[in-house]
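Worksheet: one structure, shown below.
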Amino acid sequence: MTVRLLYWFRAAFICAALGVLVLALLPDAKAIGSSYDKLNHIFAFFVLGVLVRLAWPETGAPYALALLLLFGVAIEVVQSFVGRDASVFDVAADVIGLALAVCATVIIRPRSAASRE
């Protein structure tokens, strides 16, 4: 992967992470995205998981995904201070999104490596 492409993936990851953080801390996020909150969590952490693996391919997946899970837990903790409901089920949905991201990157990576040969 070219260095320029890595920079684009890194910029996309940072924008997505900031977007997730802002949306998670807004007072009323029901008007944004799915009316089913857990789908929002699954989708957000799926996107973050895929982007982090594309942006930093040399970083081990467990390390990167653990940091994203910590990010999800931190969001829930901060939500409890800004008038939003913190939920263990939201963290569980984050884990599902990250697991789907792992599946997607496992499927994508061998194909992209084969296409370069």
Side-chain angles (χ1 to χ4, degrees):
M1 190 175 307
T2 68
V3 173
R4 181 177 233 174
L5 191 56
L6 286 177
Y7 288 134
W8 280 108
F9 283 135
R10 289 174 183 176
F13 171 79
I14 291 167
C15 289
L18 287 173
V20 167
L21 180 63
V22 167
L23 290 173
L25 299 180
L26 285 175
D28 183 20
K30 291 181 181 159
I32 301 167
S34 167
S35 62
Y36 187 59
D37 179 54
K38 302 312 175 252
L39 287 178
N40 291 339
H41 281 265
I42 291 169
F43 180 73
F45 278 81
F46 170 78
V47 170
L48 290 175
V50 169
L51 285 175
V52 79
R53 296 299 297 140
L54 293 172
W56 289 277
E58 69 282 352
T59 304
Y63 178 72
L65 297 173
L67 287 175
L68 282 175
L69 181 57
L70 196 61
F71 177 62
V73 170
I75 285 173
E76 294 304 314
V77 170
V78 173
Q79 278 183 337
S80 67
F81 293 109
V82 296
R84 299 273 309 261
D85 293 332
S87 171
V88 170
F89 297 111
D90 288 346
V91 175
D94 298 345
V95 169
I96 292 169
L98 292 173
L100 292 171
V102 168
C103 293
T105 55
V106 165
I107 291 168
I108 291 168
R109 282 187 181 268
R111 290 184 181 174
S112 64
S115 67
R116 281 182 262 149
E117 294 176 358

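None of these values were measured; they are calculated from a predicted model.
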Sequence neighbours excluded, which residues qualify as side-chain contact (heavy atoms from CB on, under 4.5 Å) partners of Leu21? Leu25, Phe71, Ile75
Minimum heavy-atom distance between Val91 and Glu76, given as atom pair plus value: CG2-CG, 3.6 Å
How long is the straight-line distance from CG of Leu51 back to CH2 of Trp56, given to the nearest 0.5 Å? 9.0 Å
Does Arg10 reach the main-chain N or O of Val52 with its side chain, forming a donor-acceptor pair under 3.5 Å? no
Do you reckon Phe45 sits in the same ILVMFWY cluster as Leu18, going by side-chain contacts under 4.5 Å, direct or chained? yes
Can you tell me if Arg84 uses its side chain to pair, donor with acceptor, with the backbone of Leu26 under 3.5 Å? yes
So, for Lys38 and Ser87, which heavy atoms are closest and what is the spacing to 0.1 Å? NZ-OG, 4.5 Å
First locate atom CG of Leu54, then atom CG of Leu5, and finally report the distance between them rounded to the nearest 0.5 Å. 8.0 Å
As a quick check of understanding, evaluate side chain to side chain contact (heavy atoms under 4.5 Å, CB included) for Leu68 and Phe13, giving each step before the final call. CA-CA 11 Å; Leu68 282 175; Phe13 171 79; 3.9 Å; yes
Sequence neighbours excluded, the answer for side-chain contact (heavy atoms from CB on, under 4.5 Å) partners of Ser80 is Ala86
Hey, mind stepping through Leu65 and Leu69 against side chain to side chain contact (heavy atoms under 4.5 Å, CB included) and telling me if it holds? CA-CA 6 Å; Leu65 297 173; Leu69 181 57; over 6 Å; no
Rounded to the nearest 0.5 Å, what separates atom CG in Asp94 from atom CG in Leu70? 11.5 Å
Is there a path of hydrophobic side-chain contacts, each under 4.5 Å between heavy atoms of I/L/V/M/F/W/Y residues, joining Ile14 to Leu98? yes
Tightest non-hydrogen contact, residues Leu48 and Ala17, listed as CD2-N, 3.5 Å
In this structure, would Val106 and Phe46 fall into the same cluster of hydrophobic residues linked by side-chain contacts under 4.5 Å? yes
Output the distance between atom CG (Asp90) and atom CG (Asp37), rounded to the nearest 0.5 Å. 5.0 Å
Same cluster or not: Val20 versus Val82, using hydrophobic residues (I, L, V, M, F, W, Y) connected whenever any side-chain heavy atoms lie under 4.5 Å apart? yes
